[in-house]
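The shown structure was predicted, so the numbers you read here are calculated from the model rather than taken from an experiment.
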Amino acid sequence: MTAPRIDTLSRLLDRSFSLWWQTLPWTAPLALVGALPSLRRLITLPTLAELQANPEAVSLAVIDPLLQPQTWLWLGFSALITLWLAGTQCLLLDRRLHEQPPGFAEALLRSTLRLPVLLLSTTLYLLLCGLPLLPLLGFNAWLGLQGLDLLPMLALSMAGSALVVLPISWVAVRLVFLPYAAAIDGMAPLRGLQRSREIAAGQWWRLLVFLSIPLTIYSVAAAAAMALPLTLATVLGADAASLLGQLASLLIAALGGPMLHACLVCAYRETSLPQRG
């Protein structure tokens with residue numbers, strides 16, 4: 001049995017952004033707190049020039065933090081905080097969508113009780129989305145044994161990555177409501193998996209186009225925030241530019257996270273209500 005089709009994209013986007021704006025006083029602080037752990041940079045990615053100069057030393061400098069238990073403990077703690085606050089945002093958005101009072105304390109409590117289910121559902125979602133990456137990992141491992149120069153190897157790796165974009169997109173869109181079924185309705189992972197597949201059945205392209213709009217807005221804003229330190233470094237100095245870049249990134253996270261959740265909560269609920277003529 002398939003779910004009702006989502007409403008017209010224009011109307012659904014209008015409802016989503018209206019919901020996002022109305023709930024921003026409650027969701028933005030939660031998203032901001034959830035983004036704070038990301039300020040602690042555990043891994044510094046090298047530039048292309050550094051890789052070309054000394055690829056072995058730079059690679060070891062990147063791998064070494066990944067071998068430390070403290071890195072994984074911090075990443076796990078950050079992921080739990082992010083999931084907990086994201087679940088709270090979804091419950092607040094859902095209550096507002098049904099024209100109910102915010103119920104901030106109740107949303108926090110429900111998100112806490114549903115955190116194990118949300119964690120399992122999110123882990124399952126990430127694992128299923130990552131399955132198409134396994135052939136790419138094997139291909140990259142094979143490339144590393146061929147003794148190629150860095151630039152040709154990177155070009156071939158990027159070409160291989162392009163081939164897995166469509167399979168990952170297909171899985172990601174079909175199962176995108178799996179974590180939201182857990183956060184909003186407390187569904188177990190397998191039931192949420194079935195529910196997400198029912199929603200996406202026959203309307204994968206509609207969902208892809210719908211989701212691409214907020215994702216593009218968020219990606220462009222995030223890229224601008226990341227480029228800010230490079231742009232202002234010569235004017236304000238490296239430290240001041242880096243600080244402004246961090247503040248801009250926090251602002252984008254506080255605004256962009258709730259925007260994505262509002263769009264997905266609206267699309268999820270649209271399929272749960274009777275379609276109006």
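- Listed by first and then second residue, the ring-ring contact (aromatic ring centres under 6.0 Å, His included) pairs involving residues 228-248 amount to none (not counting sequence neighbours).
- For the residue pair Tyr180 and Asp185, no side-chain donor N or O sits within less than 3.5 Å of a side-chain acceptor on the partner.
- A donor-acceptor pair under 3.5 Å links the side-chain atoms of Trp20 to the main chain of Leu255, judged by distance alone.
- Enclosure of atom CZ in Arg197 is not indicated, since only 12 or fewer non-hydrogen atoms of other residues, nucleotides or ligands lie within 6.0 angstrom.
- For Arg96 (side chain) and Thr23 (main-chain N/O), no donor-acceptor pair under 3.5 Å exists by modelled atom type.
- In this structure, the side chain of Gln194 does not engage the main chain of Leu190 through any donor-acceptor pair within 3.5 Å.
- Val176 and Leu91 fall into different hydrophobic clusters, defined by Ile, Leu, Val, Met, Phe, Trp and Tyr side-chain heavy atoms under 4.5 Å apart, directly or through other members.
- Summarising the geometry, atom CG belonging to Leu19 is positioned 4.5 Å from atom SG belonging to Cys266; distances are rounded to the nearest 0.5 Å.
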Identify all side-chain donor-acceptor contacts of residues 108-121 below 3.5 Å with residues at least two apart in sequence or on another chain.
| residue | atom | partner | partner atom | Å |
| --- | --- | --- | --- | --- |
| Arg110 | NE | Glu106 | OE2 | 3.4 |
| Arg110 | NH2 | Glu106 | OE2 | 3.1 |
| Ser111 | OG | Trp84 | O | 2.6 |
| Ser111 | OG | Thr88 | N | 3.3 |
| Ser111 | OG | Thr88 | OG1 | 3.3 |
| Thr112 | OG1 | Trp84 | NE1 | 2.9 |
| Thr112 | OG1 | Leu108 | O | 2.7 |
| Arg114 | NH1 | Ala183 | O | 3.1 |
| Arg114 | NH1 | Ile184 | O | 2.7 |
| Ser121 | OG | Val117 | O | 3.0 |

>> For a side chain to side chain contact (heavy atoms under 4.5 Å, CB included) check, start with the C-alpha distance between Arg11 and Glu270, then their side-chain angles and the critical distance, and finish with the verdict.
In response: CA-CA 11 Å; Arg11 181 176 177 276; Glu270 187 74 22; 3.8 Å; yes

Enumerate donor-acceptor pairs with a distance under 3.5 Å from any side-chain N or O in residues 209-228 to protein atoms, sequence neighbours excluded.
| residue | atom | partner | partner atom | Å |
| --- | --- | --- | --- | --- |
| Ser212 | OG | Leu208 | O | 3.4 |
| Ser212 | OG | Val209 | O | 2.6 |
| Thr216 | OG1 | Ser212 | O | 2.5 |
| Ser219 | OG | Leu215 | O | 2.7 |

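- A side-chain donor-acceptor contact under 3.5 Å links Tyr125 to the backbone of Ala172.
- Rounded to the nearest 0.5 Å, atoms CD1 (Ile168) and CG (Leu128) are 12.0 Å apart.
- Side chain of Arg95 to backbone of Pro101: a donor-acceptor contact under 3.5 angstrom is found.
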